[in-house]
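Since the structure comes first, as structure tokens, the remarks are kept for the end.
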Amino acid sequence: MHRAVVLGTGSCLPRRVLTNDDLEQMVDTSDEWITARTGIRTRRIAGDGEQNYQLASRAAEKALEAAGVSAEEIDLLVVATLTPHMMMPSCACFVQAEIGAKNAFAFDLNAACSGFLYGLDMAGKYIAATPEMKILLIGSETLSARMNWEDRNTCILFGDGAGACVLTGAKQRGIVDCCLYSDGSLWKLLYMDSPASRNPDLLIEERNGCFLQMTGRDVFKHAVRAMENAVVDLLNRQQISINDISLIIPHQANIRILSKLTERLGADQEKVFINVDKYGNTSAASIPIALDEANRQKRLKQGDLVLFCSFGGGFTWGSMLMQW
Ligand code: UT7
């Protein structure tokens, strides 16, 4: 059977850097609190010419270049995002037009912070059926557009950015296995309202604006437990141990979540890729940005086992094993 293998990766971060000192001027917070509780020191905020699809397109172009694949060769283009700049057409259709991927069919996928993992799993299944397919998968967010910049519980955590990869079929390497989960019953712990309804019968009460809202402490607990279980399920299914993994690329939400997860899994800290200090939580973009950085830093060697895990709104969560 053919597996989905990554041919090339790319990423794009907005120019503007927002520091903890900057946030001290905006809400009642401190660099000390943010650093101690989250590990985040800076995050990037999109500006002029940096709409979601534009960041996504720049990341995609870098991934295509690294893969040695032209935009016209792409058969399927998927953008994992929860912050498209328009509700319709999809961000993926804007990217298609921007980069000239005219032979692709294109759509968005929303599984919040787990969107890129869900997308990888889906790409793996398309490729198992049609191995010659070339898929461009992007995780891209402009969360800054959906922040309540007066809410210190959330605005310090999130950032903007995009990451991408090009996938096709291979026999020896690629996606090995994946465990995905959702639990919609806990949605109120982490959600984002939609724009106000034009149909009065469909108005949602207690609307606070089209902002991201979160009960941080509860999300924290669920995130650690869920990602741990997802990884353990995957390791058990594959009958391998955490020591067989060369690099763990987790969703970057909070350094304390990652430390707890590392500890509970008994993993070597050196094997956990971390860049949350630089970019904060970029939701669906966090794993592909980290993957691109790890790749460009040459931390991935052919044959290495790479483990991904994520947790986000929905709730959605999961784990994936890939042989690089
Ligand atoms: O992508 C997946 C989705 N998101 C996440 O995974 C995030 C998960 N949650 C978290 O990362 C953490 O819960 C936070 C970083 C959001 C908060 O950290 P915490 O240690 O859980 O703090 P807390 O919410 O329990 O708040 C502790 C205190 C509170 O004050 P009191 O009630 O103890 O007086 C908060 O009001 O810290 C206060 N606080 C702040 N103080 C300074 C909350 N936010 C801030 C802030 N600056 N920005």
Side-chain angles (χ1 to χ4, degrees), residues 18-43 80-83 110-118 139-144 146-161 163 180-184 186-192 211-231 249-262 264 272 274-290 308-319:
L18 186 72
T19 66
N20 293 347
D21 289 344
D22 295 332
L23 282 160
E24 281 184 16
Q25 312 304 314
M26 297 160 65
V27 287
D28 181 14
T29 191
S30 64
D31 174 40
E32 195 188 352
W33 192 96
I34 301 173
T35 307
R37 298 284 181 129
T38 72
I40 301 166
R41 293 180 183 277
T42 57
R43 67 289 288 143
T81 188
L82 59 92
T83 53
N110 180 351
C113 302
S114 302
F116 192 78
L117 270 200
Y118 276 47
S140 184
E141 303 285 10
T142 44
L143 287 152
S144 61
R146 296 282 163 256
M147 277 302 119
N148 177 355
W149 288 101
E150 291 172 0
D151 176 14
R152 67 177 185 173
N153 292 298
T154 52
C155 75
I156 56 133
L157 289 171
F158 295 90
D160 302 336
L180 299 178
Y181 312 83
S182 310
D183 183 352
L186 299 169
W187 70 270
K188 270 205 168 172
L189 296 175
L190 177 55
Y191 68 97
M192 194 188 287
F211 300 137
L212 184 143
Q213 314 210 31
M214 182 174 72
T215 310
R217 200 178 290 191
D218 291 340
V219 174
F220 188 108
K221 285 183 205 150
H222 282 284
V224 174
R225 210 175 307 132
M227 282 196 284
E228 180 194 1
N229 290 340
V231 171
I249 303 184
H251 168 53
Q252 310 282 316
N254 181 327
I255 194 74
R256 284 163 50 226
I257 292 180
L258 300 183
S259 303
K260 275 208 159 34
L261 182 66
T262 306
R264 288 196 189 200
V272 182
I274 289 173
N275 63 8
V276 69
D277 51 321
K278 291 190 289 182
Y279 308 131
N281 182 344
T282 56
S283 192
S286 101
I287 288 181
I289 293 170
F308 301 94
C309 58
S310 70
F311 183 85
F315 289 145
T316 58
W317 69 99
S319 59

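Every heavy atom of this structure was used, including side-chain atoms; hydrogens, water molecules and symmetry mates were not. Each ligand, and each atom within it, is numbered from 1 in the order the structure gives.
No N or O atom of F158 sits closer than 3.5 Å to an N or O atom of ligand 1. Not a single N or O atom of T38, backbone or side chain, sits closer than 3.5 Å to an N or O atom of ligand 1. Polar contact check, R152 against ligand 1: a nitrogen or oxygen pair lies under 3.5 Å apart.
Contact between A223 and ligand 1 is absent, with no heavy atom of the residue lying under 4.0 Å from the ligand.
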Pair up each side-chain donor or acceptor in residues 222-231 with any protein partner under 3.5 Å, not counting sequence neighbours, and list the distances.
from, atom 1, to, atom 2, distance (Å)
E228, OE1, R264, NH1, 3.0
N229, ND2, R225, O, 3.4

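For atom 13 (O) of ligand 1, the nearest protein heavy atom lies closer than 4.0 Å. Atom 34 (O) of ligand 1 is never approached by the protein to below 4.0 angstrom, counting heavy atoms only. The presence of a protein heavy atom under 4.0 Å from atom 22 (O) of ligand 1 is confirmed. Under the 4.0 angstrom criterion, atom 29 (C) of ligand 1 counts as lacking any protein heavy-atom contact. Protein heavy atoms are found inside the 4.0 Å sphere centred on atom 39 (N) of ligand 1. Put simply, atom 47 (N) of ligand 1 has protein non-hydrogen atoms near it, under 4.0 Å away.
Atom OG1 of T282 is separated from atom CZ of F158 by 10.0 Å, given to the nearest 0.5 angstrom. How far CG of L212 is from CZ of R146: 10.5 Å, rounded to the nearest 0.5 Å. For the atom pair CE (M214) and CG (N148), the distance works out to 12.5 Å, reported to the nearest 0.5 Å. For the atom pair E141 CD and T81 OG1, the distance stands at 3.5 Å (nearest 0.5 Å). Put simply, CZ on F315 and SG on C113 are 10.5 Å apart, with the number rounded to the nearest 0.5 Å. Between the OG1 atom in T42 and the OH atom in Y279 there is a gap of 8.0 Å [rounded to 0.5 Å].
Nearest non-hydrogen protein atom to atom 43 (C) of ligand 1 is N153 OD1, 3.2 Å. Nearest non-hydrogen protein atom to atom 5 (C) of ligand 1 is V219 CG1, 3.7 Å. When only non-hydrogen protein atoms are considered, atom 44 (N) of ligand 1 lies nearest to W33 CH2, 3.3 Å. Protein heavy atom closest to atom 25 (O) of ligand 1, with residue, atom name and distance, is R217 NH2, 2.5 Å. Closest to atom 9 (N) of ligand 1, if we only count protein heavy atoms, is G216 O, 3.0 Å.
Every atom of ligand 1 with a heavy atom of R256 under 4.0 Å away is listed here by number and element: 18 (O), 20 (O). Listed by number with element, the atoms of ligand 1 under 4.0 Å from a non-hydrogen atom of M214 are 4 (N), 7 (C), 16 (C). Atoms of ligand 1 found under 4.0 Å from any heavy atom of F311 (numbered from 1 in listed order, with element): 1 (O), 2 (C). Atom numbering of ligand 1 starts at 1 in the shown order; those under 4.0 Å from a heavy atom of L190 are 3 (C). Residue contact check: A253 has heavy atoms under 4.0 Å from atoms 1 (O), 6 (O) of ligand 1.
Donor-acceptor pairing under 3.5 Å is recorded for the side chains of T154 and D151.
Looking at F220 against ligand 1, both its backbone and its side chain come within 4.0 Å, counting heavy atoms. Contact annotation: for L157 versus ligand 1, heavy atoms closer than 4.0 Å belong to the side chain alone.
Distance alone, capped at 3.5 Å, is enough to place a donor-acceptor pair between the T316 side chain and the A111 backbone.
Considering T19, N20, N281 as possible partners of R43, the one that fulfils the side-chain hydrogen bond (donor to acceptor under 3.5 Å, both in side chains) test is N20. For the side chain to side chain contact (heavy atoms under 4.5 Å, CB included) with L23, the lone residue among I34, D31, D28 that qualifies is I34.
When the heavy-atom distances from atom 10 (C) of ligand 1 to I257, N281, N254, T282 are ranked, the shortest goes to N254. Closest heavy-atom approach to atom 27 (C) of ligand 1 among the candidates Q252, E24, R37: R37.
Between Y191 and W187, the ring planes lie perpendicular to each other; the angle is over 60°, past the 30° to 60° tilted range.
Minimum interatomic distance between A285 and G139 (heavy atoms only, all atoms of both residues): CB-O, 3.3 Å.
With sequence neighbours excluded, no residue forms a salt bridge (charged side-chain N to carboxylate O under 4.0 Å, His left out) with K260.
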